[in-house]
Amino acid sequence: MHTQAQTLLLSPGAEVTALRALLSEWVREPVVVGRLATLLEGPDVRYPCDADAHRLTGWFVPDIDGVDHHLDDPRPVLFDLGGAPAERPHGVTVVELAVAAPPVGALLVRPDGYVAWAADESGPRDATALHHVAVALGSDA
């Protein structure tokens with residue numbers, strides 16, 4: 001939808017020129033700019049996941065101090081915030097972060113910034129799920 005709208009704004013014609021003029025007025029409003037930035041960035045998009053997946057799975061990575069410095073990695077990144085399983089999959093970058101009040105124990109983040117797996121505390125079930133997700137993402141777990 002966003003791409004179609006942007007393509008339409010590039011089209012010639014008086015009606016599109018009027019639409020561009022109206023949009024130019026709107027983008028002077030901070031609320032509109034914020035909403036457009038959110039639409040273009042896509043953090044409100046949730047990828048489908050299993051019903052029993054962690055509440056953060058499928059969403060864009062939450063704003064946690066230190067995470068954004070590691071999102072340039074072309075491989076999935078496992079952020080250990082104090083609750084990652086002891087057995088870590090191969091083929092993923094592991095980053096241990098000390099955060100005062102972490103919203104989660106561990107996150108496996110895809111290269112596009114979306115959470116592929118999350119857990120509040122480690123356990124056998126979580127370690128197995130982490131391994132399966134890492135394999136699905138192409139790591140040599």
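Model, not experiment: these values are computed from the prediction.
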* Structure fact -> dist Asp72:CG -> Thr93:OG1 (nearest 0.5 Å) comes out at 11.0 Å
* Nearest non-hydrogen partners of Val16 and Ser11, listed with the distance -> CG1-O, 3.3 Å
* Which atom pair, heavy atoms only, marks the closest approach of Pro111 to Pro74? -> CG-O, 3.2 Å
* Could you state the interatomic distance from CZ (Phe60) to CG (Leu71), rounded to the nearest 0.5 Å? -> 6.5 Å
* Asked: Going by the salt bridge (charged side-chain N to carboxylate O under 4.0 Å, His left out) test, which pairs reach into residues 89-100, not counting sequence neighbours?
  -> Arg88-Glu96
* Structure fact -> Here the pair of heavy atoms bringing Gly91 nearest to Pro76 is O-CD, 4.2 Å
* In this structure, are over 12 heavy atoms from other groups packed under 6.0 Å from Asp63 atom CG? -> no
* Asked: Within a reach of under 6.0 Å around CG of Asp73, are more than 12 heavy atoms found that belong to other residues, nucleotides or ligands?
  -> yes
* Structure fact -> Between Val115 and Pro62 the two heavy atoms that sit nearest each other are CG2-CD, 4.2 Å
* To do: Kindly indicate, with the supporting measurements, whether the criterion side-chain contact (heavy atoms from CB on, under 4.5 Å) is fulfilled by Leu81 and Val104.
  => CA-CA 7 Å; Leu81 302 165; Val104 67; 3.8 Å; yes
* To do: Mind checking the CG-CG spacing from Leu108 to Leu56? Nearest 0.5 Å is all I need.
  => 12.5 Å
* Asked: If you round to the nearest 0.5 Å, how far is CH2 of Trp117 from CG of Leu130?
  -> 4.5 Å
* Could you give the distance from CZ (Arg20) to CD (Glu15), rounded to the nearest 0.5 Å? -> 9.5 Å
* Arg55/Asp120 under side-chain contact (heavy atoms from CB on, under 4.5 Å): CA gap, chis, key distance, verdict -> CA-CA 10 Å; Arg55 62 186 162 68; Asp120 292 318; 4.0 Å; yes
* Mind running side-chain contact (heavy atoms from CB on, under 4.5 Å) on His132 and Thr128 for me, showing each step along the way? => CA-CA 6 Å; His132 289 305; Thr128 300; 3.4 Å; yes
* Stepwise side-chain contact (heavy atoms from CB on, under 4.5 Å) test for Ile64 and Phe79 -> CA-CA 10 Å; Ile64 301 170; Phe79 292 99; over 6 Å; no
* To do: Answer yes if Val31 and Leu36 sit in the same cluster of Ile, Leu, Val, Met, Phe, Trp and Tyr residues linked by side chain heavy atoms under 4.5 Å apart, and no otherwise.
  => no
* To do: Starting at CG of Leu9, measure out to CG of Leu19 and round the result to the nearest 0.5 Å.
  => 5.0 Å
* To do: Give the minimum heavy-atom separation between Gly66 and Leu97, together with the two atoms involved.
  => C-CD1, 4.1 Å
